[in-house]
Amino acid sequence: MRLSRYFLPILKETPKEAEIVSHRLMLRAGMMRQQAAGIYSWLPLGLKVLRKIEGIVREEQNRAGALEMLMPTVQPADLWIESGRYDDYGKEMLRISDRHDRSMLYGPTNEEMITEIFRSYVRSFRDLPLNLYHIQWKFRDEVRPRFGVMRGREFFMKDAYSFDLDKESARRAYHRMFVAYLRTFARLGMQAIPMKADSGPIGGDMSHEFIVLASTGESGVFCHKDLLDMPVPGEDVDFDSDLSPIVDAWTSLYAATDEKHDEAAFAAVPEDRRIAARGIEVGHIFYFGTKYSDPMNAKVTTADGQNVPVHMGSYGIGVSRLVGAIIEASHDDNGIIWPASVAPFDAAVVNLKQGDAATDAMCERLYGEMRAAGFDALYDDTDQRAGAKFATMDLIGVPWQVVVGPKGLASGEVELKNRATGERASLTPEAAMNRLVAEARGAS
RNA sequence: CGGGGCAUAGCGCAGCCUGGUAGCGCAACUGCUUUGGGAGCAGUAGGUCGCAGGUUCAAAUCCUGCUGCCCCGACCA
């Protein structure tokens, strides 16, 4: 992408409504624009990141055996009346009427709808287990939206729903999502720690929040330091096998958010292994048994001819929230430091003297080579001053920047800059490209 | 939903107390000079001062009501 043809409305000054760093940086980097409290338009740069995160979430859901579908944003109220939640949900639910005065709502979640779909088609235990998910916009009319996309009213979320014959198979479904989540967050370049969550009387030990550690996080968290070095299951993990050893390893060490913090249990952790930090919830998985299948009559026939309600679980990842969470966890005074897997561009060419024949030619060459090598490359071909260009690249967080100017070219060199470390190296164009390709291969 | 604050050009702000021709910085546009970490000079354009009432000869400014947005708390992916 040539910057001169791109839509990147960078702000030099910080809009006053933005308090936390991810919100400030997303506005300054031209990623999004607020349209109303907690409602945002995603501009090209922001959308690229959102889509990259979405893609990783999707790949890991598919790998774990979940099946993608897509449910609508607007739902009929009938389903919610049937489950008994229409009145319970209160003012957080955006209620609307269609032209026939039928009660509708903008979906805050999809348990009812997925249960309706399930019960219409699935009748036999032979069709289980089943896990259906979608990635869709949702709306919760929060009293006080804040922190930009971290707590918007409209948000983009992956939610998966598992259906099983009994609690034991539901536990296996839960474990599959647990492992999928470990992999997902690791691929997003984050340290996410599963922490035991309260799920009411039904869930028992099957409810976890996945918390990303970030110094600017919204809630205090306490955990065992070894969790930071716990190995994340690789691509070859067999989701048909017994995953409980992995889950057990991750859940045997102390980890709790401040509301569930147990000072005594934490004191039992060796002192040099204790971590008190801050974190952001980016995922939540839980088992809720027959909470919806019972009232909504979602039953299957067992091998011995009984009709029993299915055991369900649901598994959410806040995709749009993750954009903010990643920034909270990875930024510096100059701007965003994207993990390679979600960066809006893989690498950039910075032309320090647009209009200079030799510089232009070298930039075009490197830009072409980057694309040929499979990079999503950004070429700053504008005639801005060098300082402004550097500031923009750092602000939007392009991981690798190749700086080309007449001074360097005079000695046959360009500069390769690493956004995360700030390291700059003067190299021949060939060496710079080789290094880029090698680094990219190592990172993926 | 309790408490607090803000609303003036695309963005950040001053002006309001003490009513009288709406200003500054950045961004934009034009020209010249600059050109390796957010350039300088000169010029141009851009605002029914959130909305509606009221007071007044006169309202951005004073009064009343409304709306929107932000922050703290309670609540939530």
Side-chain angles (χ1 to χ4, degrees), chain A residues 9-20 23-24 27-28 30 33-39 57 89-93 107-111 135-160 181 192 197-198 207-212 218-219 257 259 279-286 314-325 333-335 350-356 359 380 382-396 401-411 413-415 417 422 424 426:
Chain A
I10 296 285
L11 301 179
K12 217 156 146 184
E13 287 176 282
T14 303
K16 68 169 176 181
E17 75 264 20
E19 200 65 21
I20 64 162
H23 192 191
R24 284 205 306 264
L27 291 171
R28 287 197 51 214
R33 173 166 182 81
Q34 179 166 328
Q35 306 290 173
I39 299 176
V57 169
Y89 223 89
K91 294 180 116 176
E92 288 218 333
M93 181 187 278
T109 181
N110 290 70
E111 278 88 1
I135 304 177
Q136 177 65 291
W137 291 95
K138 297 185 167 25
F139 194 93
R140 290 183 195 168
D141 202 356
E142 297 277 350
V143 199
R144 175 146 109 84
R146 64 185 115 171
F147 305 148
V149 298
M150 300 271 287
R151 188 162 167 200
R153 288 193 291 175
E154 187 179 51
F155 56 98
F156 198 46
M157 185 174 173
K158 185 282 301 184
D159 43 323
Y181 276 37
D198 184 17
S207 177
H208 287 87
E209 291 178 359
F210 283 75
I211 305 280
V212 160
E218 55 199 342
S219 47
T257 58
E259 56 260 29
I280 301 164
E281 181 182 348
V282 289
H284 195 168
I285 59 177
F286 56 98
S314 87
Y315 315 89
I317 290 180
V319 177
S320 50
R321 163 178 275 201
L322 270 165
V323 180
D333 289 346
N334 296 325
V350 178
N351 185 334
L352 289 185
K353 189 155 186 176
Q354 197 266 342
D356 176 88
T359 308
D380 185 347
T382 66
D383 60 359
Q384 280 190 294
R385 300 170 64 83
K389 293 191 173 201
F390 295 139
T392 297
M393 285 299 167
D394 284 354
L395 176 62
I396 69 173
Q401 302 161 22
V402 178
V403 179
V404 183
K407 289 184 189 171
L409 284 185
S411 51
E413 288 181 327
V414 298
E415 189 176 89
K417 176 177 166 181
R424 290 182 281 186
S426 281

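So that the names make sense, note that chain A is the first sequence line, chain B the second, and so on, each numbered from 1.
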A:E415: side-chain hydrogen bond (donor to acceptor under 3.5 Å, both in side chains) partners, not counting sequence neighbours
none
Distance check, C1' atoms only: B:G46 and B:C11, in whole angstrom units.
14 Å
Picking from B:C1, B:G36, B:G38, which would you name as closest to the side chain of A:L395?
B:G38
Distance between P atoms of B:G4 and B:C16 (Å, rounded):
25 Å
Using atom P of each nucleotide, how far apart are B:G36 and B:C72 to the nearest Å?
42 Å
Go through the structure and list residues passing side-chain hydrogen bond (donor to acceptor under 3.5 Å, both in side chains) with A:R151, not counting sequence neighbours.
A:E142
Report the residue (A:G387 or A:E92) whose heavy-atom-nearest nucleotide on RNA chain B is the more 5′ of the two.
A:G387
Opposite nucleotide pairing with B:U30, Watson-Crick or G-U, both atom distances under 3.5 Å:
B:A42
Under a 3.5 Å cut-off for both contacts, is B:U18 paired Watson-Crick or G-U wobble with anything, and if yes, with which nucleotide?
none
For B:A9, which nucleotide in any strand shown is its Watson-Crick or wobble partner with both distances under 3.5 Å?
none
Donor-acceptor pair, side chain of A:S207 and main chain of A:F286, under 3.5 angstrom
no
Separation of A:H284 NE2 from A:Y181 OH (nearest 0.5 Å)
10.0 Å
Using a heavy-atom cut-off of 4.0 Å across all strands, would you classify A:V282 as base, sugar-phosphate, or nothing?
nothing
Take atom C1' in B:U8 and the same atom in B:G15, then report the distance between them in whole Å.
9 Å
Considering every strand shown, what is the Watson-Crick or G-U wobble mate of B:C1 when both distances are under 3.5 Å?
B:G73
Quick test: give all pairs of protein nitrogen or oxygen and nucleotides 26-35 of chain B nitrogen or oxygen below 3.5 Å, distance rounded to 0.1 Å.
residue : atom : partner : partner atom : Å
B:U34   : O2   : A:R385  : NH1          : 2.7

When all nucleic acid strands are considered with a 4.0 Å heavy-atom cut-off, which category describes A:T14: base, sugar-phosphate, or nothing?
sugar-phosphate
Which base, if any, makes a Watson-Crick or G-U wobble pair with B:U56, both distances under 3.5 Å?
none
Would A:F155 count as stacked on B:A77 if the rule is ring centres under 5.5 Å and plane angle under 30°?
yes
Is it true that a side-chain atom of A:K158 and a backbone atom of A:Y315 form a donor plus acceptor pair closer than 3.5 Å?
yes
Using a heavy-atom cut-off of 4.0 Å across all strands, would you classify A:K91 as base, sugar-phosphate, or nothing?
sugar-phosphate
Report the distance from atom CG of A:L11 to atom P of B:G25, rounded to the nearest whole Å.
20 Å
Please report the distance separating the P of B:A45 from the corresponding atom of B:C29, rounded so that it comes out in whole Å.
16 Å
Looking only at side-chain atoms of A:K417, point me to the closest of B:G38, B:G37, B:C1.
B:G37
Span that lies between the C1' atom of B:A59 and that of B:G12, in whole angstrom:
26 Å
Tell me every residue that passes side chain to side chain contact (heavy atoms under 4.5 Å, CB included) with A:Q136, counting only those two or more places apart in sequence or in another chain.
A:L70, A:T73, A:H134, A:K138
Atom-to-atom span, CD of A:Q401 to C1' of B:G36 - whole angstrom:
14 Å
So what does A:R33 hit on the nucleic acid, given a heavy-atom distance under 4.0 Å: a base, only sugar-phosphate, or nothing?
nothing
Touch class at under 4.0 angstrom, heavy-atom based, for A:G408 against every strand present:
base
side-chain hydrogen bond (donor to acceptor under 3.5 Å, both in side chains) filter on A:S426, not counting sequence neighbours, yields none
Tell me: CG of A:N351 to P of B:G36, nearest whole Å?
13 Å
C1'-based separation of B:U21 from B:A58 [nearest Å]:
13 Å
Under 3.5 Å, N/O pairs linking protein and nucleotides 68-74 of chain B:
residue : atom : partner : partner atom : Å
B:C69   : OP1  : A:A37   : N            : 2.8
B:C69   : O3'  : A:Q34   : NE2          : 3.2
B:C70   : OP1  : A:Q34   : NE2          : 3.2
B:C70   : O3'  : A:E17   : O            : 3.2
B:C71   : OP2  : A:R144  : NH1          : 3.4
B:C72   : OP2  : A:R144  : NH2          : 2.8
B:C72   : N4   : A:R144  : NE           : 3.0
B:A74   : N6   : A:R146  : NH2          : 2.3

Across the strands shown, which category fits A:D394 at heavy-atom distances under 4.0 angstrom: base, sugar-phosphate, nothing?
base
In whole Å, I'd like the distance from the CD atom of A:Q354 to the P atom of B:G36.
15 Å
Salt bridge (charged side-chain N to carboxylate O under 4.0 Å, His left out) with A:E154: which residues, sequence neighbours excluded?
none
Using the test side chain to side chain contact (heavy atoms under 4.5 Å, CB included), find all partners of A:A388 that sit at least two apart in sequence or belong to another chain.
A:Q384
Which is true for A:G316 with a 4.0 Å heavy-atom rule: it touches a base, it touches only sugar-phosphate, or it touches nothing?
nothing
Euclidean distance, atom CD of residue A:E259 to atom C1' of B:A77 [Å, nearest integer]:
13 Å
How about A:L409 and A:T359: do any of their side-chain heavy atoms sit closer than 4.5 Å?
yes
Gap between atoms CG and P, on A:D380 and B:G37 respectively (whole Å)
15 Å
Could you check whether A:P9 gets within reach of a base, just the sugar-phosphate, or nothing at all, counting any heavy atom under 4.0 Å?
nothing
Could you work out, with side-chain hydrogen bond (donor to acceptor under 3.5 Å, both in side chains) as the rule, every residue matching A:H23, not counting sequence neighbours?
none
Does A:M150 offer a backbone N or O that forms a donor-acceptor pair with the side chain of A:R321 under 3.5 Å?
yes
Using a heavy-atom cut-off of 4.0 Å across all strands, would you classify A:G90 as base, sugar-phosphate, or nothing?
nothing
C1' gap between B:C49 and B:G3, integer Å:
28 Å
Watson-Crick or G-U wobble partner for B:C51, using a 3.5 Å limit on both distances?
B:G65
On RNA chain B, check which nucleotide each of A:F156 and A:T392 is closest to and give me the residue with the more 5' one.
A:T392
